[in-house]
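A quick write-up on the structure given underneath.
Reckoned from all heavy atoms, side chains included, excluding hydrogens, waters and symmetry mates. Lettering of chains follows the sequences in order, A, B, ..., and the numbering in each one begins at 1. Just so we're clear, the structure is a prediction, and the values are computed from it rather than from any experiment.
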There are 2 protein chains.
Amino acid sequence: MTGASFEYILRSPTLVEKVCQQLAAMLRVDPGHEAKLPAERELAVKLGVSRNVLREATKRLELQGLLEIRQGQGTRVVDRLHKPISASLELLVPKEKERMRQLFQVRYMIEPHNAQRAAQHATRSQMKRIEAAHDCLLAASNAEALVVADMEFHRAIADASGNQIARLLLESLAELREASHAKGYRGRTSDRTEDEHLVILTAIRDRQSEAARRAMEKHLLRASEDLGFSAQDISE
Amino acid sequence: MTGASFEYILRSPTLVEKVCQQLAAMLRVDPGHEAKLPAERELAVKLGVSRNVLREATKRLELQGLLEIRQGQGTRVVDRLHKPISASLELLVPKEKERMRQLFQVRYMIEPHNAQRAAQHATRSQMKRIEAAHDCLLAASNAEALVVADMEFHRAIADASGNQIARLLLESLAELREASHAKGYRGRTSDRTEDEHLVILTAIRDRQSEAARRAMEKHLLRASEDLGFSAQDISE
DNA sequence: TTTTCGTAACTGGTCCTACCATTCGACCAC
DNA sequence: GTGGTCGAATGGTAGGACCAGTTACGAAAA
């Protein structure tokens with residue numbers, strides 16, 4: 001039976017995996033689920049597994065950004081899918097500056113497309129959100145608020161682009177940048193940001209996809225200097 | 001003291017986290033480390049923690065793609081950093097076809113830049129690898145080998161681009177595509193792939209970065225049809 | 001001698017119980 | 001009210017016992 005076709009025998013997945021799948025399914029199917037999971041001991045009994053197994057499963061889901069576990073407080077359901085991405089990138093490029101450089105490069109690859117797609121597909125409510133973010137930027141009084149409003153602007157555009165993956169990558173970048181910031185490695189937010197955002201915003205509103213793409217490219221190239229990179233670092 | 005700056009109090013990290021960090025550090029610092037970790041019981045004693053904690057830590061590192069644990073066999077050190085990315089994307093976009101569409105969109109955003117950068121920076125050995133991949137494609141006799149050679153070509157270019165993050169994303173895409181393939185959802189590999197790859201290869205070799213970028217764009221737009229998408233699906 | 005095959009000794013997987021550490025809320029003294 | 005104290009609930013850690021695959025080695029068969 002040399003020529004016979006052998007079906008792969010799929011090994012019964014470990015208990016932990018089954019529990020993970022079941023929990024993940026519960027979380028996904030019912031996002032309106034109570035934000036808090038039962039206590040470990042209780043949930044373990046309900047699922048018919050030992051507390052050990054249940055713990056390994058929840059730990060795993062925590063790492064995937066689906067749960068948040070805190071001692072004495074319980075286990076909450078969250079939605080932080082970008083967390084594993086950030087963790088991977090930190091492992092992949094340990095050097096902080098180099099990581100930021102590569103991330104900004106990726107941003108330069110992705111965001112102009114986001115702007116282009118947003119110009120083509122943004123709904124009225126998505127458009128409103130982009131505008132609101134821009135208003136926030138104009139109203140921002142301190143450096144903190146500036147960064148938040150800046151990020152929200154880009155986030156809103158990513159959402160409007162309709163590509164969830166691009167959006168997730170952006171979110172991960174934001175997190176890593178914030179982590180760098182917390183450790184004292186900070187850039188600035190140039191005054192020109194407002195004007196450049198306005199150009200992008202206008203292009204998107206007017207459905208000028210090419211203009212939106214180019215405006216975003218320009219903005220990112222200039223903004224890269226705020227973080228201490230040169231345009232060559234990013235675009236070449 | 002309204003205006004005072006409150007420093008975040010960093011909570012003492014849990015034991016599991018400490019073990020994770022230590023293990024991760026050991027793996028990173030010493031990649032030539034023995035590919036196999038000591039047995040759980042033994043390692044737990046060495047680290048001075050309970051086997052429970054050690055297990056949760058290794059499970060975590062397994063999910064991050066740094067370890068591979070198999071019953072009766074032991075724990076091996078591996079390098080599959082793209083795995084958590086794939087897992088996240090599967091959670092983010094559960095529908096397979098839609099996920100592939102968005103992934104191909106991202107690919108369309110990233111790979112032309114990769115080609116451009118590769119044309120600018122590829123070393124001689126990187127260039128050789130790209131050429132070797134192309135030769136493989138020409139020599140491929142069955143559909144299986146075609147896909148592998150195709151992927152290797154793109155991978156080689158990503159490596160030559162010098163952006164590890166872009167490379168990681170590509171790797172993740174490949175994995176998800178293969179998973180789809182295994183489940184019966186398969187595309188084809190058009191004959192035109194060879195010619196298009198040759199154009200890209202030539203442009204990179206001749207350091208024509210703009211030409212390389214455009215050739216890659218063209219190639220991806222056409223190849224998207226092999227997977228059942230239209231050019232509009234990808235570029236708009 | 002060579003091959004086959006069963007067993008023993010690993011390995012990780014699961015379960016159980018007990019106890020520690022943190023959090024939160026109810027209650028009490030001031 | 002304000003602040004402190006204590007207890008209940010929660011997750012964190014420990015250690016032991018046993019189950020379930022994997023491997024290696026030696027005995028039995030060819």
A/Lys83 side chain to A/Glu175 backbone, donor-acceptor under 3.5 Å: no
If only atom types and distance count, is the side chain of B/Gln21 paired as donor or acceptor with the main-chain N or O of B/Lys18 below 3.5 Å? no
Shortest side-chain distance from A/Leu15, nucleotide among C/dT14, C/dG13, D/dG12: C/dT14
A/Val53 or B/Pro38, whichever maps to the more 5' nucleotide of DNA chain C: B/Pro38
Salt bridge (charged side-chain N to carboxylate O under 4.0 Å, His left out) contacts touching residues 159-169 of chain A (sequence neighbours left out): A/Arg129-A/Asp159, A/Asp159-A/Arg167, A/Arg167-A/Glu171
Between A/Glu68 and A/Val77, is there a donor-acceptor pair closer than 3.5 Å when you use the side chain of the first and the backbone of the second? no
For the backbone of B/Val93 and the side chain of B/Arg99, can you confirm whether one donor and one acceptor N or O come within less than 3.5 Å of each other? yes
Taking atom P of C/dC16 as reference, at what distance in whole Å does atom CD of A/Glu40 sit? 15 Å
Which whole-number value in Å describes the distance from B/Gln71 CD to C/dT11 C1'? 8 Å
Set of residues satisfying ring pair (Phe, Tyr, Trp, His ring centres under 6.0 Å) with respect to B/Tyr108, sequence neighbours excluded: A/His113
Nearest-nucleotide pick for B/Gln73, side chain only, options being D/dT22, D/dG11, D/dA17: D/dT22
Can you say whether the rings of A/His197 and A/His154 are parallel (under 30°), tilted (30 to 60°) or perpendicular (over 60°)? perpendicular
For A/Glu98, is there an ion pair with A/Arg101 - N to carboxylate O distance below 4.0 angstrom? yes
Of all the nucleotides listed (D/dG15, C/dT11, D/dT13), which has the minimum atom distance to the side chain of B/Asn52? D/dG15
For DNA chain D, which residues in residues 55-64 of chain A have a heavy atom at a distance below 4.0 Å? A/Arg55
Just by distance, with hydrogens left out, do B/Asn114 and B/Asn163 show a side-chain donor and acceptor under 3.5 Å apart? no
Show the distances under 3.5 angstrom between N or O atoms of the protein and N or O atoms of nucleotides 24-26 of chain D.
none

Short question: side chain of A/Gln105, backbone of A/Asp233 - any donor-acceptor pair under 3.5 Å? yes
Using atom CD of B/Glu68 as one end and atom P of D/dT22 as the other, report the distance to the nearest whole Å. 13 Å
With a 3.5 Å distance limit and no angle check, can you tell me whether A/Ser180 reaches the backbone of A/Leu176 through a side-chain donor-acceptor pair? yes
OP1, OP2 of C/dG12 versus side-chain N and O of A/Thr14: anything below 4.0 Å? no
Residues within residues 41-49 of chain B bordering DNA chain D, heavy-atom distance below 4.0 Å: B/Arg41, B/Val49
Euclidean distance, atom CG of residue A/Leu67 to atom P of D/dT10 [Å, nearest integer]: 16 Å
Separation of C/dT17 atom P from B/Arg51 atom CZ, nearest Å, is 18 Å
Sidechain N-carboxylate O distance under 4.0 Å for A/Glu56, A/Lys59: no
Parallel, tilted or perpendicular, as decided by the 30° and 60° cut-offs, for the rings of A/Phe104 and A/Phe229: tilted
Treat a base pair as Watson-Crick or G-U wobble with both distances under 3.5 Å, then lay out DNA chain C in dot-bracket form, 5' to 3', with | for cross-strand pairs. ||||||||||||||||||||||||||||||
Round to the nearest Å and state the distance from B/Arg70 atom CZ to D/dG21 atom P. 14 Å
Under the 3.5 angstrom rule, does the side chain of A/Ser161 hit a backbone N or O of A/Ala158 as a donor-acceptor pair? yes
Integer-rounded Å distance: C/dG13 P and A/Leu54 CG: 17 Å
Taking OP1 and OP2 of D/dT10, is either one under 4.0 Å from a side-chain nitrogen or oxygen of A/Thr75? no
Looking only at side-chain N and O atoms, does A/Ser50 come under 4.0 Å of OP1 or OP2 in C/dC15? yes
Checking A/Thr58 side chain against A/Leu54 main chain: does a donor-acceptor pair fall under 3.5 Å? yes
Tell me the interatomic distance from A/Ile69, atom CD1, to D/dG11, atom C1', rounded to whole angstroms. 8 Å
